[in-house]
Amino acid sequence: TGGLTTIDPGYKNTGSCVSEITFLNGEQGILRYRGYSIEDLAEKADFLEVAYLLIFGELPNKEQLDKFHSDIKKRSVVDEEVKKIVDAFPKSAHPMGVLSSLTSALTAFNPESVDINSEEEMYNAIVGILGKFPVLVAWAMRKKQGLPLDYGDNSLGYVENILKMMFKQPNEEYKLNPIVVDALDKLLILHADHEQNCSTSTVRIVGSSHAGLFASISAGISALWGPLHGGANQAVLEMLEAIKEDGGDTKKYMAKAKDKSDPFRLMGFGHRVYKNFDPRAKIIKVAADEVLDDLGVQDPILDIAKGLEKEALADDYFVKRKLYPNVDFYSGIIYRAMGIPTEMFTVMFALGRLPGWIAQWKEMRERKEPIGRPRQVYIGKNSRPFISVEKR
Ligand code: SDX
């Protein structure tokens with residue numbers, strides 16, 4: 001057993017690294033990026049500023065931000081051959097699978113993302129993935145909808161350009177709605193990093209073998225896809241829809257969530273670190289009311305979500321286990337009001353988390369972290385002689 005006597009399933013009590021990027025306090029529900037509170041950043045910064053902050057450690061001045069955006073635009077072209085990979089997918093393919101595949105495929109067209117040995121090579125790979133990823137996100141959505149795979153409009157802001165690539169209909173002008181731009185910008189900021197969660201730990205451990213940045217991000221996308229992690233935002237909407245179909249009977253779903261013989265969990269509730277309110281969920285809940293109001297959208301799903309939250313917060317089972325709404329509980333309601341299909345919700349989570357993955361990967365490589373290789377406690381068979389197939 002290599003001298004090990006205990007293991008730590010899910011690494012609930014294991015610290016994998018030291019980091020200067022994101023600070024969480026689960027008991028008090030505190031989240032800070034490089035020392036700045038998530039409340040301040042969500043209110044006062046824009047997503048590209050926050051991406052710069054996470055990756056380089058400081059808020060950029062105007063000149064730095066403009067150069068960052070200009071360098072990203074210069075590398076936002078995705079090789080036309082990548083479209084052949086998109087074409088090869090069936091329309092039924094989940095956009096997270098498409099996105100993970102395309103991100104890894106980018107390595108073939110951008111070898112600079114693999115062998116990163118200088119600050120310049122690191123910077124070029126970083127602005128490269130920040131430029132190309134939104135194109136892949138838009139192409140994953142357009143593939144599903146049978147719409148042309150276009151490029152964006154580099155005269156627009158980073159988030160505005162993403163919305164135009166996602167939503168512009170052929171032969172129609174696309175009119176940006178400032179409410180939608182602001183809501184997406186805020187959602188992306190709130191998802192930008194979250195210390196050593198499952199997908200970020202994946203990006204770090206893949207990168208620790210010195211695999212390239214794009215390949216490491218692709219692995220992170222696959223980890224985020226799971227319904228216990230980023231996939232929860234899609235699962236929340238599917239759960240709320242089911243409750244609505246059931247006549248809004250939240251009590252039945254609460255009972256299912258507490259029934260140990262039933263694998264069903266109340267999606268969007270609970271968190272490994274937050275044993276109090278997830279500060280992001282608080283901000284998103286307020287934003288959901290504002291955005292739907294501003295857009296004039298009446299969505300009964302929001303009322304069901306609020307009813308479910310109220311019931312769970314008053315339920316002993318949930319209170320005892322400190323299960324509160326997390327970042328995924330309300331976010332899908334805003335995405336839906338913006339016209340984003342449910343299957344694209346986790347892709348939007350990945351779009352927000354990209355700067356965090358990059359920042360954590362960069363920190364891991366700059367700190368020259370050793371290759372990730374945990375041990376185990378062996379509980380298998382002892383040594384035994386081989387038996388030929390005739391005698392088995
Ligand atoms: C994200 O780590 C991050 O930072 C992730 C994230 C990020 O920004 O990267 O914040 C994003 O992934 C948010 C979480 C999204 N997932 C969900 O909403 C899925 C539903 N939630 C859970 O499955 C669960 O709460 C986790 C996965 C989020 C956390 O699981 P843990 O920490 O491993 O806790 P656990 O499974 O050991 O649960 C502890 C107890 C158990 O009951 P007992 O065995 O003690 O009797 O709480 C119960 C669980 O059964 N429980 C739930 C529940 N979550 C936990 N019961 C019902 N419904 C739930 N949602």
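Each ligand, and each atom within it, is numbered from 1 in the order the structure gives.
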> Any protein heavy atom sitting closer than 4.0 Å to atom 39 (C) of ligand 1?
Replying inline: no
> Of all the atoms in ligand 1, which lie at a distance below 4.0 Å from a heavy atom belonging to Asn197?
Replying inline: 2 (O), 3 (C), 4 (O), 5 (C), 9 (O)
>> Check for me whether the distance between the ring centres of Phe329 and His271 falls short of 6.0 Å.
In response: no
> Which bit of Arg321 is near ligand 1, meaning a heavy atom under 4.0 Å away: side chain, backbone, both or neither?
Replying inline: side chain
>> So, 4.0 Å and heavy atoms of Gly268: is ligand 1 close enough to count as a contact?
In response: yes
>> So, 4.0 Å and heavy atoms of Arg280: is ligand 1 close enough to count as a contact?
In response: yes
> Would you say the side chains of Tyr174 and Asp153 form a donor-acceptor pair under 3.5 Å?
Replying inline: no
>> So, regarding Leu323 and ligand 1 (criterion: nitrogen or oxygen to nitrogen or oxygen, under 3.5 Å), is there a contact or not?
In response: no
> Which ligand 1 atoms, with their elements, are less than 4.0 angstrom from a heavy-atom of Lys260?
Replying inline: 42 (O), 43 (P), 44 (O), 46 (O), 50 (O)
>> Distance under 4.0 Å to a non-hydrogen atom of Tyr317: what atoms of ligand 1 satisfy this?
In response: 42 (O), 50 (O), 56 (N)
>> Is any side-chain heavy atom of Val137 closer than 4.5 Å to one of Phe133?
In response: yes
> Quick one: which ligand 1 atoms are inside 4.0 Å of a heavy atom on Gly270?
Replying inline: 25 (O), 28 (C)
>> Quick check on Glu195 - does any of its heavy atoms sit under 4.0 Å from an atom of ligand 1?
In response: no
> Please walk me through it: do Glu363 and Ser19 pass side-chain hydrogen bond (donor to acceptor under 3.5 Å, both in side chains)?
Replying inline: CA-CA 8 Å; Glu363 183 178 72; Ser19 177; 2.6 Å; yes
>> Apply side-chain hydrogen bond (donor to acceptor under 3.5 Å, both in side chains) to residues Ser331 and Asn233 and explain how you reach the verdict.
In response: CA-CA 7 Å; Ser331 53; Asn233 61 14; 4.5 Å; no
> Out of His191, Lys12, His229, whose heavy atom is nearest to atom 12 (O) of ligand 1?
Replying inline: His229
>> Looking at non-hydrogen atoms alone, which of Met239, His271, Arg272 comes nearest to atom 3 (C) of ligand 1?
In response: His271
> Quick one: do Lys67 and Asp71 make a salt bridge, cutoff under 4.0 Å?
Replying inline: yes
> Among protein heavy atoms, which sits nearest to atom 20 (C) of ligand 1, and what does the distance come to when rounded to 0.1 Å?
Replying inline: Phe269 O, 3.4 Å
> Does the side chain of Ile21 reach to within under 4.5 Å of the side chain of Arg34, using non-hydrogen atoms?
Replying inline: yes
> Regarding Arg321 and the six-membered ring of Tyr317, is the cationic atom NZ or CZ under 6.0 Å from the ring centre and inside 45° of its axis?
Replying inline: yes
> Counting heavy atoms only, which of Leu228, Asp328, Leu266 is nearest atom 58 (N) of ligand 1?
Replying inline: Leu266
> Which ligand 1 atoms does Ala257 reach within 4.0 Å, using its non-hydrogen atoms?
Replying inline: 57 (C)
>> As an exercise, identify every atom of ligand 1 less than 4.0 angstrom from a heavy atom of Arg353.
In response: 7 (C), 8 (O), 9 (O)
>> Regarding Arg142 and Asp150, does a basic nitrogen lie under 4.0 Å from an acidic carboxylate oxygen?
In response: yes
> Which atoms of ligand 1 are found less than 4.0 Å from any heavy atom of Ala232?
Replying inline: 15 (C), 16 (N), 17 (C), 18 (O)
> Does a salt bridge link Glu309 with Lys306, judged by any charged N lying under 4.0 Å from a carboxylate O?
Replying inline: no
> What part of Lys258, side chain, backbone, both or neither, has a heavy atom within less than 4.0 angstrom of ligand 1?
Replying inline: neither
>> Let's go through Glu311 and Thr250 carefully: what are the C-alpha distance in whole Å and the side-chain angles of both, what is the deciding distance for side-chain hydrogen bond (donor to acceptor under 3.5 Å, both in side chains) to 0.1 Å, and is it a yes or a no?
In response: CA-CA 8 Å; Glu311 212 169 319; Thr250 49; 2.6 Å; yes
> So which protein heavy atom does atom 50 (O) of ligand 1 come closest to, and at what separation?
Replying inline: Arg265 NH2, 3.2 Å
> Can you check whether Phe349 has an N/O within less than 3.5 Å of an N/O in ligand 1?
Replying inline: no
> Would you call Tyr158 and His69 a side-chain contact if the rule is heavy atoms closer than 4.5 Å?
Replying inline: yes
